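First up is the structure itself, then whatever we jot down about it.
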Amino acid sequence: MSLVAVPFYQKRHRHFDQSYRNIQTRYLLDEYAAKKRASTQSSSQKSVTQESSSQRESSSERASSQTLLGGTTCRLCAKRVSTALEEEEQERKRRYHSLLAAYGEAKRERYLSELAQLEEDVHLARTHARDKLDRFALQHVDTHALRHAVGDRLAWERHSFEDRISRAPEILVRLRSHTVWERMSVKLCFTVQGFPTPVVQWYKDGSLICQAGEPGKYRIESKYGVHTLEINRADFDDTATYSAVATNVHGQVSTNAAVVVRRFHGDEEPFHSVGLPIRLPLSSVIPYTHFDVQFLEKFGVTFRREGETLTLKCTLLVTPDLKRVQPRAEWYRDDVLLKESKWTKMFFGEGQASLSFSHLNKDDEGLYTLRIVSRGGISDHSAFLFVRDADPLVMGAPGAPMDVHCHDANRDYVIVTWKPPNTTKESPVLGYFIDRCEVGTDNWVQCNDAPVKICKYPVSGLVEGRSYTFRVRAVNSAGVSRPSRASEAVAALDPLDLKRLQGIHWEGDKDIVIYQDDLEGEVQIPRPPTNVHASEISRTYVVLSWDPPTPRGKEPLMYFIEKSVVGSGTWQRENAQTAVRSPRYAVFDLAEGKSYVFRVLSANKHGLSDPSEITSPIQAQDTIVVPSAPGRVLASRNTKTSVVVQWDQPKHGEDLLGYYVDCCVAGSNVWEPCNHKPIGYNRFVVHGLTTGEQYIFRVKAVNAVGTSENSQESDVIKVQAALTVPSHPYGITLLNCDGHSMTLGWKVPKFSGGSPIIGYYVDKREGHHKNWHEVNSSPLKERILTVEGLTEGSTYEFKIAANLVGIGLPSDPSELFKCEAWTAPEPGPAYDLTFCEVRDTSLVLLWKAPVYSGSSPVSGYFVDFKEEDSGEWNTVNEVATANRYLKVCDLHQGKTYVFRVRAVNANGVGKPSDTSEPVLVEARPGTKEISAGVDEEGNIYLSFDCQEMTDASHFTWCKSYEDIADDERFKVETVGDHSKLYFKHPDKVDLGTYSVSVSDTDGVSSSFVLDEEELERLMALSNEIKNPTIPLKSELAYEIFDKGQVRFWLQAEHLSPDASYRFVINDREVPDSETHRIKCDKSTGIVEMVMDRFTIENEGTYTVQIHDGKAKNQSSLVLIGDAFKAVLEEAEFQRKEFLRKQGPHFSEYLHWDVTEECEVRLVCKVANTKKETVFKWLKDDVLYETEKLPDLEKGVCELLIPKLSKKDHGEYKATLKDERGQDVSILEIAGKVYEDMILAMSRVCGASASPLKILCTPEGIRLQCFMKYFMEEMKVNWYHKDAKIASSEHMRIGGSEEMAWLQICEPTEKDKGKYTFEIFDGKNNHQRSLDLSGQAFDEAFAEFQQLKAAAFAEKNRGKVIGGLPDVVTIMEGKTLNLTCTVFGNPDPEVVWFKNDKDIELSEHFSVKVEQAKYVSMTIKGVTSEDSGKYSIHVKNKYGGEKIDVTVSVYKHGEEIPDVVLPQQAKPKLIPASASE
C-alpha cells in the first residue's frame, strides 16, 4: 500500500506552553498502530471467541447430561445447577477481563519497543535517502565544479537543516491515567521529541521526584525519546497527579496523568491491569447501560462579573450506582459542546457534575446545558450565565471585546476576528488595537498603530514555525478598554506543506517520507505565482491571495507584491523591505476612490521570477455595512423575575454577529445592558428583573463593522409570571352528612395561574363506578358545597376543578365517603387549615369552624402538631382557644411540621380535622413586615408591600384574623403591589392584632400588633401633621455680648420666605427699634432681638411667636427673680469689663506658681499699656519695693517671693494707671491659697529631695534629707519599719530651711530597720528610704559613742562662764578689779598670768576665789607698769580654757585713748592633756 509520510523534522503545531508539534512520526505511528491493532485484535477476538464457545459447549453438555441422567430435575437440583452455571459464568468473565488486561499490557510494551526501533529506523532511512540523492546529483556535474557545488550545497543544506530541525520539545504520546490496586507496580510512559534533545523531569503533585530520596521506590528511564516512570509496589499515598516536564533551549512542554491506588475491601478482587484495552473509548460502553438520572439540585440563572470564579453544579441521583461504569456527562454552551481548557474544568462523579471557571470573561456568557447521556435517554438541565464587564481601567472606557479567533493562518500571516462590546452606557467604540504574544512568553506587542474600525484584522510579520496568541482592546473617547481573553494559539505554518509530501518504499517493508521538492530536479529560478486575486476587500486594506509556483524547487520561497494605479503604467513594490513567505498579503494605505491592479513575484536564493498575471482592478471599499435597526420589539411575561423579548430581524443585516438587548425602568431613562455577548437569535429571556417593576426594552444588531441604531422601544411591561391554568384544588373533606346529602369543603389551588379563579366545578361518582357525574353546572364561588340527592348507605367520591377561562386540572379523587347521618354529640372536624406568617421559629395557623357542631355549640379548639413522618402528636394549647387562629411558637428552624385541629363542645372533643399539608418552618428570603405610619394629611395607616403579586393576587386585611368589613372605621387602598389600611377614627377600640395576606403567592403574609403605646405615638404624629408646628432647632435663649448687650434668639428648622414673627415682653409686643433691634434670617431660621442696655426694668417673660403658612410655634423664656438677677449681673459685669479694657488693664489677673528653685512667683499679664502707664506692687496697701520695674511692653509682670513663710501673709496688689484709667488685680496669700502654695512647693521639694543621709551627734543618730526648701508647714512624715513615727523624747522630728531631719536619741538595737521620709504634695507622695541596720547602724552607733564622750568632756571641763572683757582702760592710781565666774566638774584650778608669766600675789596684786566659782583679781593703785596682757587659766582633768584681757593705763590729764567698746573676751581651749 502507498504510505504518505513526512520527514521527521517537518513541524506541525499543537499548542502547549511554547511547544512546536511534529506530525511526521505521528503519521507513521498511526498507520503502523492501525495495521497492528487490526491484526492483533482479530487474532485475540478469535481466540477468546473459540475459548468462550468451547466453554459454553462444555457447560451445555454437562447440563444436558445431567438432565438425561436424572430424567426430570427437582427444584433444589435445578437451583444448584443454576448456581453452578452462574459461578462458571462469573469465572469466565474474570478470565476474560484478565485476558484483556494481559493483552493491553503486552500490547503497550510491544508498542513502546517498536516505537523506539521505528524512530531509529526513520533516522537511518532518512540518512540513506539523502546520500542516494546526493550521489545522483554528483554524477551530472564536472569534477572541479562538483567540489564547489557540493561545498556550497552542503553548507546551504546544513544551515537550512539545522534551522528546520531546531525546535522546542513536542510530546507525541502523552501520559495516560492509571487505576491500580495496592502493592502493584505502575509504569507511566510518554514520548517527546525536540532538538536539542529535551531534558525531562518528573513531578508528583507539583513536587520534584528524587530517586535518591526513596531508593527503590521510583525508576526513571529514557530511551529513544520514550521516557518512563515506574512506581514499585504502589501504596495508597501514591495516589496523585504525576507530571513530566520536557525542556530545551527553545521552550518547555508538559503532560500529566492521575494515578489512583485502590485498597482491597471485602470480596473485591484486585484487578491486575487497566480495566479496558488500550484506545478503547469509554463512551462506547456507556450507551449500552440503562441509567435513571434525577436532578436533585440544579444551578440557576447566574450573574457574575469578569475576573471572578464560578462553579456551575448539579447534584444527581444515578440509578444503578455502578463503580466502573457511569453515564456520560456533557456540557454545552449555546448548544456547542464544551471541552476542558485552561479556563474551564469539568468534574463528574460522587453524585454531582460541575463546570468550574477559573477566570470569567464575557466569552463565557451563554445558555449552559448539562446533558447526562445513557441508554435510558438524555437528562438535561439548562440555565443562563450572565457575565458583565469588569470595572474599566479608565472611567467611561468601553468593555472588552470577546470571541477572538484566528483564521487562514500561514507562514507569516493570520486573520484575527472578534465581536464588539455593548456600549449601552459608554460612548461609541472608535476602533480596536490588536496585540500578539508568542506562546511561552508574556510579552504582548501591539500589531496596529492606528485603531482599526472593523472587527477583523490581517496580522502579518509573524515568524514561521512559532505559535502566537492574540487579544483585542477597544477604544472610545474616554480611553482604552481592558484586553479581551487571549485567543487559542495558532502556528505560523503553511497548510499546503502536507500536500507536498510523498512516501518512498525502502528496503524490506520500510517506507520513508520526503518532500515532493526533492524529486523535482534542478529547478533554480522559480516560476511566477498563479491565481492572484483579492480574497478580502475593505476600506482600509485588501488581502491578496495566490497559489505557489509549480514546480517551486527545493529552495525556500519568498514573494514580492507590486501595485499600480489603474492607468498610471508604473509599478510600486509594496514589500520592498520585508520578504513575504506566505501566499497571503494584506495591502494597507490604499487611496480612497482609486482602483489598483496587483501582481506577485516569487524568489529564492537563485533569483527572481517573472511577474504573475495582473489582477483585475480592485478598489478599497467596505463590502459590508452597518446593519439597520431591528424591527418591532415585543415583550411578554415569563416568570416573576424575567421577561421574554422578541424582535423582527433588520431589513439589511449582512453577516450579523448577533444582537444586544437593553432594558430601562419605565420613566427613568437609565438604560442597562441585558446581555454582554451578542446573541445569534431574535428571541431572548431577560433575567434578573425586579418583580412588579415596569420595564421597556430595545435591541441593536451587531456585525463586524459595528452596531446598528437602537430599535424602537417596546411597550411598557410589568414583570410578573405568565398566565397559566391553575393547579388543581386539594384537601377535599367531608364536613357533614345527614343521610341524604353531604357537605364538602376543599382548599384553594396552590397556584392560580396568574389570574383570579372564577369558580369551581364538582364531580361525583359512586364507589367502584367508573363514570363521573357533574354536580353543579355553573361555577361555585365558595369552597363549600352540600351535595343533595344521595343514597343513604352508599359510598361516594368526589373531584373538583378550578375554572379560569376554561377548566383547570381536576383534583385527585377524594377518599370514599359513606352517606350516613352524623349523630355524634361531639362536633365535626374543623376544615380549611391554612398557614400564614411562617417565620424561623413560629407560624400562625388558621381554620374554619366545623359545619357539624354536634349537640351543643363549639366552645373552643385544640391544636396538635408533630414533625413530618413522626408518630406522636403534641398539643400546642393546654386550654382550648375560642379563636379560630393560633400562633404556634418555639418551633425548630428548618424542620417540617404537620398540624390538625380538634373542636370542643360541652360533650367533649370532636373528630380531628384532616392533617394539614407539611409546612417548612423557615422565613422566606426577603420576608417583609407590616409598617405603621402617618401620611401627609395626618391619616394613620398600616402598610404592606408584595413584589410577588400576579394578576390573580389580592390583599386581605384582617383584625384578629377576621376579615375587616367595617367601612365606618377602616378604609383599604391598594395600588399595584402596595396596600394600605387606613384608620378613619383611630381610638382605643382599634387596639389589637392586624394581619394581611396576599393570595396566589407562596404564603406572603404578615401581622402587626397595635398596642396602646404605638397608637399614642401614631396619634401624636398625626396631630403634629394635622396641627403642624414649626420645628425648632433651639428654644428661645439669651446670650450676653462683650459690651453687656443681651441677645434673645431662637432657631427654626426651616422658614419659608412668607414666614412672620414677633417678640412679646410681658404680654406686650415689642417693635423693632434702637433699644430693641429685631431681625430674622429665614435662610437659617434664626430670629433674634438685641438689647443694648439691660436694666432692672427688663425683668419679665420673653416670648417669640412664629407663623409659617398653617404651621406655627412659639417659645418663651422667663427671667424673674434669681434668673433675672444672674442675667443682669452678667450683663453689668460684661459692660464694666468692656469699659475697663478701654484703658490699661490686666488681660490675666494675678495668679501664682512655684519655680524650680522653690520660689513663689506672682504673675499677671497687662494689655493696652503705653510708656506713661505706671505699674506698682503693693502688699497690704504698702508699696512693695522690687529690684527692678517690670517691662510693660512684654505684657508680663512677675514678683518672686523666696522662701515663703507665714511672714509673707498678706494682700498683694498689682496696679496699672495712666490718664485713660486704672486697673487693679488683687491676690491674698492666706488660708487656702497659702496651703496650696505649700503643696506646690512640696511638689518641687519632693521631686528634688536627696537620698537620706546619716549624721551622728552626741545626742544620737540623725537622719536628714536635703531639699531646695523646707518649712514646718509642709506635710511630712517619718516611718520606721512602715510604722509612722510621732515626735518624742526618743525620736525628735524637725528641720531647717535646707533639710528635714529625724533625731534618734540614745539609739539602741530596737532602732535598727528601714526608715522612710515622706512628703505629700496634695496628689502624690514623694518618699526617700534608708536601711539603718547591719554595718550602717554599727558604724553610726560607734561614732555616736565617740561624740557623746567628747560632749561629756566638753560639758565638765574648766571654763569661764562670763564677766571678763577683752580690753580694760584705766587711769593711774585707780583700783582695777577683774571678776569672772568659772565652772568645772571637778572644780577647776584657776591661775592668773601677766604677759604669759605667773603673777606674784602681793598687796598690789590680789586674787580671790569664792565658792569655787567666783574669781576676782584686784590691782590697787595701778600704774603704767601695770599695762599689759592678763590671762586667766581655768582647767581640770577634762581640760580648760584661758581668757586674755588687755589692760591699758593712762596718766591723769592725758586724753583717754580711742578704743573699741569692750566686748566679752573669747576663751581659748586648753586640752586635757595640757592640764595633767
Side-chain angles (χ1 to χ4, degrees), residues 407-416 431-434 436 446-454 456-464 492 494 496 523-553 555-625 704-705:
H407 310 275
D408 198 17
N410 217 291
R411 295 181 187 271
D412 55 1
Y413 163 90
V414 69
I415 289 182
V416 181
Y432 303 90
F433 285 118
I434 297 88
R436 74 168 185 260
Q446 186 171 304
C447 300
N448 53 321
D449 297 328
V452 60
K453 297 184 180 298
I454 64 173
K456 181 185 292 186
Y457 185 75
V459 179
S460 58
L462 306 181
V463 178
E464 182 183 2
D494 187 355
L496 299 178
V523 177
Q524 292 188 347
I525 297 179
R527 293 186 180 182
T530 59
N531 191 26
V532 181
H533 64 281
S535 60
E536 186 173 345
I537 301 175
S538 72
R539 187 190 306 177
T540 56
Y541 64 87
V542 171
V543 177
L544 297 176
S545 300
W546 58 89
D547 294 335
T550 304
R552 55 170 289 162
E555 308 302 335
L557 276 181
M558 297 177 291
Y559 301 97
F560 294 97
I561 294 88
E562 295 180 348
K563 69 180 179 181
S564 173
V565 178
V566 174
S568 66
T570 60
W571 290 92
Q572 178 184 357
R573 181 158 294 182
E574 184 66 26
N575 61 324
Q577 303 298 326
T578 305
V580 175
R581 297 176 61 84
S582 298
R584 306 282 188 280
Y585 186 74
V587 181
F588 290 87
D589 301 326
L590 298 178
E592 188 173 357
K594 292 185 177 181
S595 296
Y596 293 85
V597 291
F598 300 90
R599 67 186 185 185
V600 182
L601 298 88
S602 57
N604 61 12
K605 73 173 186 176
H606 298 293
L608 193 67
S609 74
D610 295 330
S612 67
E613 294 183 1
I614 299 174
T615 65
S616 58
I618 299 171
Q619 185 175 351
Q621 59 185 358
D622 287 333
T623 56
I624 59 173
V625 295
V705 180

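All of these numbers come straight from a predicted model, not from anything done at the bench. The residues of the chain are indexed from 1 along the displayed sequence.
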(Q) Rounded at 0.5 Å granularity, tell me how far CD1 in I525 sits from CG in N604. (A) 7.5 Å
Q. Roughly how far, to the nearest 0.5 Å, is CD1 of I618 from CG of L590?
A. 9.0 Å
**Q.** Atom of R581, atom of R411 and distance for their closest heavy-atom approach
**A.** O-CD, 3.0 Å
Q) Can you find a heavy atom in the side chain of D412 that is under 4.5 Å from one in the side chain of V580? A) yes
Q) How close do Y413 and P458 get, heavy atom to heavy atom, and via which atoms? A) CE1-CB, 3.7 Å
Q: Report yes if the side chains of F433 and N448 come closer than 4.5 Å at any heavy-atom pair, otherwise no.
A: yes
Q. So do the side chains of V416 and R436 get within less than 4.5 Å of each other, counting heavy atoms only?
A. no
(Q) Would you say that more than 12 heavy atoms from the other residues, nucleotides or ligands in this model lie under 6.0 Å from the CD of Q446, or not? (A) yes
**Q.** A534 versus L544, closest heavy-atom pair with distance
**A.** CA-CD2, 4.3 Å
Q) Nearest 0.5 Å, what's the CD1-CZ distance between I415 and R584? A) 8.5 Å
Q. Closest approach of N410 and P583, non-hydrogen atoms and distance?
A. OD1-CD, 3.2 Å
Q) Any side-chain heavy atom of E536 within less than 4.5 Å of one from K456? A) yes
Q. Is a side-chain donor or acceptor of N575 paired with a backbone partner of I561 at a separation under 3.5 angstrom?
A. yes
Q) Can you check whether V532's main-chain N or O pairs, donor with acceptor, with T615's side chain at less than 3.5 Å? A) no
Q) If you measure from SG on C447 to CG on L462, what distance do you get to the nearest 0.5 Å? A) 7.5 Å
Q.
Can you tell me how the ring of Y541 sits relative to the ring of F588, calling it parallel under 30°, perpendicular over 60° and tilted otherwise?
A. tilted
Q) Of all heavy-atom pairs between Q619 and I537, which one has the smallest distance, and what is that distance? A) O-CG2, 3.5 Å
Q: May I ask you to test the P549-L557 pair for a side-chain heavy-atom distance under 4.5 Å?
A: yes
For residues 594-602, run the donor-acceptor check on the side chains, cut-off 3.5 Å, and write out each pair with its distance to 0.1 Å, sequence neighbours left out.
from, atom 1, to, atom 2, distance (Å)
Y596, OH, A591, N, 3.0
R599, NE, E562, OE1, 2.6
R599, NH2, E562, OE1, 2.8
S602, OG, R527, O, 2.6
S602, OG, S609, OG, 2.9

Q: Please collect all ring-ring contact (aromatic ring centres under 6.0 Å, His included) contacts where either partner lies in residues 555-585, sequence neighbours excluded, each pair once.
A: W546-Y559
Q.
Counting only heavy atoms from other residues, nucleotides and ligands, does the tally under 6.0 Å from CD of Q621 exceed 12?
A. yes
